[in-house]
Amino acid sequence: ANAGVVIDSSGSMGERRLAQALAETGSILRNLEGDGGGVFVYSCDAAVHTAKEVFHQQQVSLIGGGGTDMGAGIRAAASRNPRPDVIIVITDGDTPWPRKGPKGIRVIVVLVGNGSSPKWAYKTIRVPMG
């Protein structure tokens, strides 16, 4: 599968949630290993700060700390060529979501906080924070 991962790097995420987001990214990479490719990871607060293909969790650099707009990350991921089949957004959900999702791309929201995901999300996974 051709996947993009958008990680919320806004100020509201904090150290624990960012660590959880990296752990989730690591398991996404392990699940896709058989495909031999990496995953494009976007570090996004109110704007996209980094966008790069990673093969290991250690390669992810999270830059941000400002406000939040996951729509910016989703748009960046959706505009990549080739277009991803799925975009995974890892966020605390404390973001203004776009009114609708990108056409023809499934968006999976992984919530590491108490916020919410948009109704148009293909799937929402809530990660309990221990």
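Please read these numbers as outputs of a predicted model, since none were measured by experiment. Worth knowing before you read on, the calculation uses all heavy atoms, side chains too, and leaves out hydrogens, waters and symmetry mates. Along the sequence shown, residues carry numbers from 1.
- With sequence neighbours left out, the side-chain hydrogen bond (donor to acceptor under 3.5 Å, both in side chains) criterion links Ser43 to Ser9.
- Annotation: side chain of Pro118 is not in contact with side chain of Arg99 (no heavy-atom distance under 4.5 Å).
- When every heavy atom of Ile87 is checked against every heavy atom of Ala77, the shortest pair comes out as CD1-CB, 3.7 Å.
- We find the NE2-OG distance between His49 and Ser61 to be 11.5 Å, quoted to the nearest 0.5 Å.
- Side-chain atoms of Leu111 and Val127, non-hydrogen and from C-beta on, never get closer than 4.5 Å to each other.
- Partners of Asp94 under the salt bridge (charged side-chain N to carboxylate O under 4.0 Å, His left out) rule, at least two apart in sequence or in another chain, do not exist in this structure.
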Can I get a per-line list of side-chain donor-acceptor pairs under 3.5 Å for residues 102-109, giving both atom names and the distance, sequence neighbours left out?
unit_1	atom_1	unit_2	atom_2	d
Arg106	NH1	Tyr122	OH	3.2

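- Not a single side-chain contact (heavy atoms from CB on, under 4.5 Å) links Ser79 to another residue, sequence neighbours left out.
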Please tabulate, for the side chains in residues 63-76, all donor-acceptor contacts under 3.5 angstrom to protein atoms that are two or more places apart in sequence or on a different chain.
unit_1	atom_1	unit_2	atom_2	d
Thr68	OG1	Ser10	OG	3.0
Asp69	OD1	Gly71	N	2.9
Arg75	NH1	Gly71	O	3.4

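- Side-chain atoms of Asn2 and Arg80, non-hydrogen and from C-beta on, do get closer than 4.5 Å to each other.
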Just do the side chain to side chain contact (heavy atoms under 4.5 Å, CB included) check on Ile7 and Val60 with the steps written out, would you? CA-CA 10 Å; Ile7 300 177; Val60 176; 4.0 Å; yes

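- In this structure, the side chains of Asn114 and Asp92 stay at 4.5 Å or more apart for every pair of heavy atoms.
- Cluster annotation: Val39 and Ile88 are assigned to the same hydrophobic cluster (Ile/Leu/Val/Met/Phe/Trp/Tyr, side-chain heavy-atom contacts under 4.5 Å, transitive).
- Across all non-hydrogen atoms, the minimal contact from Trp120 to Pro98 is NE1-O, 2.9 Å.
- Looking at Ile90 and Ile28, their side chains come closer than 4.5 Å, going by heavy atoms from C-beta outward.
- Open room surrounds NZ on Lys123; 12 or fewer heavy atoms of other groups in view lie less than 6.0 Å from it.
- The cluster map of Ile, Leu, Val, Met, Phe, Trp and Tyr, joined by side-chain heavy atoms under 4.5 Å apart, puts Val86 and Val48 in different clusters.
- For Thr124, the side-chain hydrogen bond (donor to acceptor under 3.5 Å, both in side chains) criterion is met by Ser117, not counting sequence neighbours.
- Side-chain contact between Val110 and Arg126: absent, with no pair of heavy atoms (C-beta onward) separated by less than 4.5 Å.
- Linking ILVMFWY residues whenever their side-chain heavy atoms come closer than 4.5 Å, directly or via other members, places Val41 and Val112 in the same cluster.
- A distance of 9.5 Å separates CG of Leu29 from CZ of Phe55, quoted to the nearest 0.5 Å.
- Of all heavy-atom pairs spanning Gln57 and Arg30, the tightest one is OE1-NH1, 4.4 Å.
- Between Thr91 and Trp97, some side-chain heavy-atom pair lies under the 4.5 Å cut-off.
- Heavy atoms only, all atoms of each residue included: Met13 and Asp8 are closest at CG-O, 3.2 Å.
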